[in-house]
Enquirer: 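Provided herewith is a single structure, encoded as structure tokens, for subsequent inquiry.
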Amino acid sequence: MTNGSTTQIIENLAAEIGDKVYIDIAGWHLYLSDAKLHLTLAEKFYPILIEEVPSEGQVVEILQNIPVKLGAGRQEVSLINLLPMSCQSELIEVLAEFRADL
């Protein structure tokens, strides 16, 4: 994956995240690509991935700092509060695999 522009690499990472990680709202699974959050995450993680696989602490911090608007903006919730633990683990795995391919 060393060939290609930064934009393409980020888009590839976003696609991986968007297809494998979802938020859970009242038992409904909304994948991050459908929620339009995958690119935001990819852009946040890419600078870290250049150097290393993000630690769990780094992942949690980034997820805490991404607000998700609910009810047409009437309320905001941190993305971490909408992700099941299994999806947080899946995100860490996606990042590790992606880093290995860089």
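Everything numeric here is computed off the predicted structure, so don't read it as measured data. Side chains are part of it too, since the values below use all heavy atoms of this structure and drop only hydrogens, waters and symmetry mates.
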Enquirer: Apply side-chain contact (heavy atoms from CB on, under 4.5 Å) to the pair Y31 and D19, showing each step before the final yes or no.
Expert: CA-CA 7 Å; Y31 282 84; D19 288 344; 5.9 Å; no

Enquirer: Is E97 reaching over with its side chain to a backbone N or O of V94, donor-acceptor style, under 3.5 angstrom?
Expert: no

Enquirer: Do the side chains of L32 and Y22 get nearer than 4.5 Å, heavy atoms only?
Expert: no

Enquirer: Closest heavy-atom contact between L39 and A14?
Expert: CA-CB, 3.8 Å

Enquirer: Enter the distance from H29:NE2 to C87:SG here, rounded to the nearest 0.5 Å.
Expert: 7.0 Å

Enquirer: Would you check if I25 and I23 make a side-chain contact, meaning some heavy-atom pair closer than 4.5 Å?
Expert: yes

Enquirer: Are V68 and I17 connected in a single hydrophobic cluster, I mean Ile/Leu/Val/Met/Phe/Trp/Tyr linked by side-chain heavy atoms less than 4.5 Å apart?
Expert: yes

Enquirer: State the CZ-CG distance between F98 and L102, to the nearest 0.5 angstrom.
Expert: 5.5 Å

Enquirer: Distance only, no hydrogens: is a donor on one side chain within 3.5 Å (strictly under) of an acceptor on the other, for N12 and E16?
Expert: no

Enquirer: Of the non-hydrogen atoms in P67 and N65, which two are nearest, and what is the gap between them?
Expert: CD-O, 3.4 Å

Enquirer: For L30, is there any backbone N or O sitting under 3.5 Å from a side-chain donor or acceptor partner on D34?
Expert: no

Enquirer: Taking CD in E76 as the centre, count heavy atoms belonging to other residues, nucleotides or ligands within less than 6.0 Å. Is the count above 12?
Expert: yes

Enquirer: For Q88, check side chain to side chain donor-acceptor pair (under 3.5 Å) against everything at least two apart and list the hits.
Expert: none

Enquirer: CD of E93 to OG of S86: how many Å apart, nearest 0.5 Å?
Expert: 10.0 Å

Enquirer: For the atom pair CG (L13) and CD (Q8), what is the distance rounded to the nearest 0.5 Å?
Expert: 11.5 Å

Enquirer: If I compare all heavy atoms of L91 with all of F45, which pair ends up nearest, and what's the gap?
Expert: CD2-CE1, 4.0 Å

Enquirer: Under the criterion side-chain contact (heavy atoms from CB on, under 4.5 Å), I'd like the reasoning laid out for K44 against E61: C-alpha separation, chi angles, the key distance, then a yes or no.
Expert: CA-CA 11 Å; K44 300 273 187 193; E61 183 178 344; over 6 Å; no

Enquirer: Kindly compute the distance separating CD (Q58) from CG (L49), expressed to the nearest 0.5 Å.
Expert: 9.5 Å

Enquirer: For the atom pair OG (S89) and CG (L83), what is the distance rounded to the nearest 0.5 Å?
Expert: 10.5 Å

Enquirer: Would you indicate whether the side-chain heavy atoms of L41 and L79 approach each other to under 4.5 Å?
Expert: yes

Enquirer: Please examine the side chains of N81 and L63, heavy atoms only from C-beta on, and report whether any two atoms are closer than 4.5 Å.
Expert: no

Enquirer: Would you name the heavy atoms of S33 and G18 that are closest together and state the gap between them?
Expert: OG-O, 3.2 Å

Enquirer: For residues V77 and V59: do they belong to one hydrophobic cluster (side chain heavy atoms under 4.5 Å, members Ile, Leu, Val, Met, Phe, Trp, Tyr)?
Expert: yes

Enquirer: Should the heavy atoms of other residues, nucleotides or ligands under 6.0 Å from CD of E56 be counted, would the total exceed 12?
Expert: no

Enquirer: Looking at side-chain heavy atoms only, is the closest gap between M85 and E90 below 4.5 Å?
Expert: no

Enquirer: Is there a continuous path of hydrophobic side-chain contacts, each under 4.5 Å between heavy atoms, that joins I62 to L82?
Expert: yes

Enquirer: How about I48 and L95: do any of their side-chain heavy atoms sit closer than 4.5 Å?
Expert: no

Enquirer: So which atom in R99 and which in V53 form the shortest heavy-atom distance, rounded to 0.1 Å?
Expert: CG-CG2, 3.5 Å

